[in-house]
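Along the sequence shown, residues are numbered consecutively beginning with 1. Start at 1 and go down the list; that is how both ligands and their atoms are numbered. What's counted below: heavy atoms across the whole structure, side chains too, no hydrogens, waters or symmetry copies.
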Amino acid sequence: MPVETIYWKSGKVRFINQTLLPHKLKYVSTDDIYRLWRAIKALEIRGAPALGIAGALGAIVGIKDSKAKDFRKFFGELKKVTKYIGSSRPTAINLFWALERMKGAAYRHRKESISRIKNILLKEALKIIYEDKRNCRRMARYGASLVRKGSRILTHCNAGGLATADYGTALGVLFEANKQGKRIKAYVDETRPLLQGARLTTWELMRAGIDTTLICDNMAAGIMAQGKIDMIFVGADRIAANGDAANKIGTYNLAVLAHHHKVPFYVVAPLSTFDFRIKTGKEIPIEERDGDEVRALCGRMVAPRNVKVYNPAFDVTPNELITAIITEKGIFKKPYEPRTFLKARDG
Ligand code: MRU
């Protein structure tokens, strides 16, 4: 059973503080928009689809106390709230996609009373959660159809239940293959600097009873050279119209290695992770984070305090290195055609 990472309960957003895992499973409840913003910024809530959900629920808590009497005023306040939430992290398009959806839902019902619009917004947020759960299951089934019995699978960062409302994207494939009795073996990159692989992915896989081996990021090449990896599944934070995919820093390294070692490299992401307004990955905004995340390891300084650091949180894998992109509407193989993705999304 996947963990409930983020949901709506008794008028509050309830979420797991992921910075405390794997040693402490602690839920936080809040109806304070500033607390939610900090939770997103500090990666207490993280992973592209989960950020979308946080955005949608954030819009609810941000607007709940509005005293606006007319739609114009209410919509102005909602726009301010969504802009504020969107200022937390720039890369995962799911966050902005969900915020746009919330604004769209309000606007479509602009003739209704403000209290009814507030109810409509809550319904929209719950719909986003429901759809994410359904999409996770669909992606998992498509992805698992590519997995053979006994496959040894490498993954990076955390694209599991903690990053979504349900099963995860890339990890959903592993959960489903395991459920189908394929007896897979998982290799997990620790994923420096913030160790989402070591802390979160291992925790999720082991809870599901999957044979899990943790490796340092710099071991991936050697392990592939030894022929120990059959396939790679990763998630994505934003995919450009041409299939270039941004994901946790280090994903591109894996894609290059996979190409060299002829290991299939799959990206698993819902269509809400696509940004059709941008043609290539060059246009994807990449978040840069505090240098102390690199200088320190689990809160302990390991480098000189004043050393210069470059800390991009994501990199972009060019589409030609991606064997296929697995979505809730099926598996898309190279060469990637924006029209095909759009047809699937709207069809
Ligand atoms: O910085 P994070 O932990 O939010 O980065 C998350 C990732 O890179 C995930 O792989 C991505 O969001 C896909 S999640 C299903």
Identify the closest protein heavy atom to [atom]: which residue and atom is it, and at what distance?
atom                    : value
atom 4 (O) of ligand 1  : R89 NH1, 2.9 Å
atom 7 (C) of ligand 1  : D237 OD1, 3.2 Å
atom 10 (O) of ligand 1 : N247 OD1, 2.7 Å
atom 15 (C) of ligand 1 : T169 OG1, 3.0 Å
atom 14 (S) of ligand 1 : A163 CB, 3.5 Å

- Verdict with supporting geometry, R14 and Y7, side-chain hydrogen bond (donor to acceptor under 3.5 Å, both in side chains): CA-CA 5 Å; R14 192 162 160 80; Y7 56 101; 3.0 Å; yes

Ligand-residue contact atoms, ligand 1 with [X], heavy atoms, under 4.0 Å:
X    : answer
Q196 : 1 (O), 2 (P), 3 (O)
G47  : 4 (O), 12 (O)
A48  : 12 (O), 14 (S)

- Query: So do N253 and T251 actually touch side chain to side chain, heavy atoms under 4.5 Å?
  - Reply: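 No, their side chains stay 4.5 Å or more apart.
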
- Message: What I'd like to find out is whether the side chain of V307 reaches to under 4.5 Å of the side chain of R295, using heavy atoms alone.
- Response: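 Side chain of V307 against side chain of R295, heavy atoms only: contact under 4.5 Å found.
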
- Out of H156, R289, R46, K248, indicate the one that has the non-hydrogen atom closest to atom 1 (O) of ligand 1.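 It is K248 whose heavy atom sits nearest to atom 1 (O) of ligand 1.
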
In this structure, does ligand 1 have an atom that sits under 4.0 Å from one of the heavy atoms of [X]?
X    : value
N158 : yes
A236 : yes
P49  : yes

- Are the side chain of E190 and the backbone N or O of L214 linked by a donor-acceptor pair below 3.5 Å?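 No; zero donor-acceptor contacts below 3.5 Å.
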
- Side chain, backbone, both or neither: which part of A159 has a heavy atom under 4.0 Å from ligand 1?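 Near ligand 1, A159 shows its backbone as well as its side chain.
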
- Message: Assess the residue pair R199 and N158 against the criterion (side-chain hydrogen bond (donor to acceptor under 3.5 Å, both in side chains)); give the C-alpha distance rounded to whole Å, side-chain angles, the decisive distance to 0.1 Å, and a yes or no.
- Response: CA-CA 9 Å; R199 296 186 301 104; N158 174 269; over 6 Å; no

- Given I33, which of D65, V61, I60 fulfils the side-chain contact (heavy atoms from CB on, under 4.5 Å) condition?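 Filter result, single survivor: V61.
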
- Item | Closest non-hydrogen atom pair between N94 and S272, with its separation |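 Scanning both residues completely, I find the closest heavy atoms to be ND2-OG, 3.3 Å.
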
- Query: Does the ring center of Y84 lie less than 6.0 Å from the ring center of Y34?
  - Reply: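 Ring centres of Y34 and Y84 closer than 6.0 Å.
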
- Task: Is it possible for you to check whether K133 lies under 6.0 Å from the centre of the six-membered ring of Y167, through NZ or CZ, and within 45° of that ring's axis?
- Result: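 Because its charged atom misses either the 6.0 Å distance or the 45° angle limit, K133 does not stack over Y167.
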
